[in-house]
There are 2 protein chains.
Amino acid sequence: MPKDGSVTRDKILDAALKLILQKGFGSTSVDNVIAEVGITKGAFFYHFKSKRDMAVALIRKFVDNDNAHLIDGKSEVEKYSHDPLQQLLALISLFEQQFAELEDPYPGCLYAAFCYQGDMFDEEIRNIIAEQLQRWRQYIVDKVYEIMETRTPKMAVDVESLADLLTTTFEGAFIMSKTLDDPKLVAKHLRHYRNYIELLFSD
Amino acid sequence: MPKDGSVTRDKILDAALKLILQKGFGSTSVDNVIAEVGITKGAFFYHFKSKRDMAVALIRKFVDNDNAHLIDGKSEVEKYSHDPLQQLLALISLFEQQFAELEDPYPGCLYAAFCYQGDMFDEEIRNIIAEQLQRWRQYIVDKVYEIMETRTPKMAVDVESLADLLTTTFEGAFIMSKTLDDPKLVAKHLRHYRNYIELLFSD
DNA sequence: TATTTTATACCGACTGGTTGGTATTGACAA
DNA sequence: TTGTCAATACCAACCAGTCGGTATAAAATA
């Protein structure tokens, strides 16, 4: 049986995620990470050729996980109703429920953490994030156009920004939740987004 | 008249703000700041006894400026209408106009930058920020209760989180605007917040 | 089956450079 | 000539990254 180095690699990424959300990328030293994991410098640079290399791996993992949430949410929601409006409302409800269960403020989102350290990263890393944000946009944009086949919105709205507003609500609410130390805030703000969609499209 | 060191002090704070929004607090070194301003270490530590001391001064200045926006917006808006609903909608419109003029993505908000470096700061700094967020909340909460004296919302809503949602929209939209490199995004998302208020309360 | 080889996974001392912060000195205005 | 303001030179701690070496186990060879 081979020694499984991927266990250590994952532990490094987990520790790095936690520390980066607390202190930011630039303030999280490799020494911090290895101390958290309980390994040495040698082990770290065996798995990642540089700190930036680790950042890329970390953001890839975070994006994959985020995308899994989108895909899971989609399939969860689309099996209960064929009405695109009900599907979209149910998707938001699903996220509300998940965030309503939290007892501590959500630790935060890597996209925001990296956004506010932008100058430390190159185009490649920014693109990985932007592409994932556009997957969310695309799913909701399509859903809204489906809705508009049978319903007329109460107001003329820009569909693309309406779709992006979900992510905006998440990102903004994470910051508010942490700053005001209110674990329930994210769910409450998602509820307003759901209300808005409902007011726009329901009869 | 003594030499006016406050000019240098302000230049330091301006440079620090710019750099911190680009790179984060932890990755912005004192050397970076003095290079940007064109002064030396001695000058920096004459004006601020530590880097943390500068951070406190910076966040105080940012909060004062933010509060000025709130106060200016209030008085601007309250002189054109006595209807609290029209006042609130006009306030959001005002911010929309300001952000619609931008040609580049808004550089970001210190509250978010500090939020994602939370572990580097103490309770004092977090409180300065939280108190300012609560001033925004209080103004809108009061306004919404005024509105509800004469109008019934289309849906039952949590007033406090409805008020906080303005800040959430700002914070989230700043991140989206920077990440997607879209200068007009903030104005568009504020528009949705205004739409939501309008749908909730108008006849 | 016993022995050698090879690849993986990890260690910890070390390097050149950067960090926040200090001590000392001097220039300039009142 | 005194207090304000800023420059130079410096320090100890910390930074990302390197390097020579080691332990282990699978694979190849005998």
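Each of A:F45 and A:S27 lies near DNA chain D, and the nucleotide nearest A:S27 is the one positioned closer to the 5' end. Each of A:D31 and B:G42 lies near DNA chain D, and the nucleotide nearest B:G42 is the one positioned closer to the 5' end.
Cation-pi geometry between A:K23 and B:F25 is not met: the NZ or CZ atom fails to fall both under 6.0 Å from the ring centre and inside 45° of the normal. Taking the centre and axis of the six-membered ring of B:Y116, the NZ or CZ atom of A:K178 falls inside the cone set by 45° and 6.0 Å.
Within the nucleic acid shown, B:K51 comes within 4.0 Å of sugar-phosphate atoms alone, with no base atom in reach, counting heavy atoms only. Nucleic acid contact class of A:T40 (heavy atoms, under 4.0 Å, all strands): base.
Between the CG atom of B:L19 and the C1' atom of C:dT19 there is a distance of 16 Å, given to the nearest Å. With rounding to whole Å, B:I34 atom CD1 is found 11 Å from D:dT8 atom C1'. To the nearest angstrom, C1' of D:dC15 lies 12 Å from NZ of A:K23. Going from atom NZ of A:K11 over to atom P of C:dA9 covers 14 Å, rounded to whole Å. When the P atom of C:dG20 is taken as reference, atom CG of B:D53 falls 14 Å away, rounded to whole Å. We find that NZ of B:K49 is positioned 14 Å from C1' of C:dG20, with the value rounded to whole Å. Separating the CZ atom of B:F44 from the P atom of C:dG21 is a distance of 8 Å, rounded to the nearest angstrom.
Using a 4.0 Å cut-off between a side-chain N of Lys or Arg and a carboxylate O of Asp or Glu, B:R151 and B:D83 qualify as a salt bridge.
Counting distance only, with no hydrogens placed and no angle test, the side-chain atoms of B:K41 and the base atoms of C:dG21 include a donor-acceptor pair under 3.5 Å.
Taking only side-chain nitrogens and oxygens, A:S29 comes nearer than 4.0 Å to OP1 or OP2 of D:dC15. Taking only side-chain nitrogens and oxygens, A:T8 comes nearer than 4.0 Å to OP1 or OP2 of C:dC10.
Separating the NZ atom in A:K49 from the CE atom in A:M54 is a distance of 13.0 Å, to the nearest 0.5 Å.
Atom NZ of B:K184 is surrounded by more than 12 heavy atoms from other residues, nucleotides or ligands within 6.0 Å.
When each of C:dA9, D:dC5, C:dC11 is scored by its nearest atom to the side-chain atoms of A:Y46, the top-ranked nucleotide is C:dA9. Nearest nucleotide to the A:H47 side chain, out of D:dA7, D:dA16, C:dC10: C:dC10.
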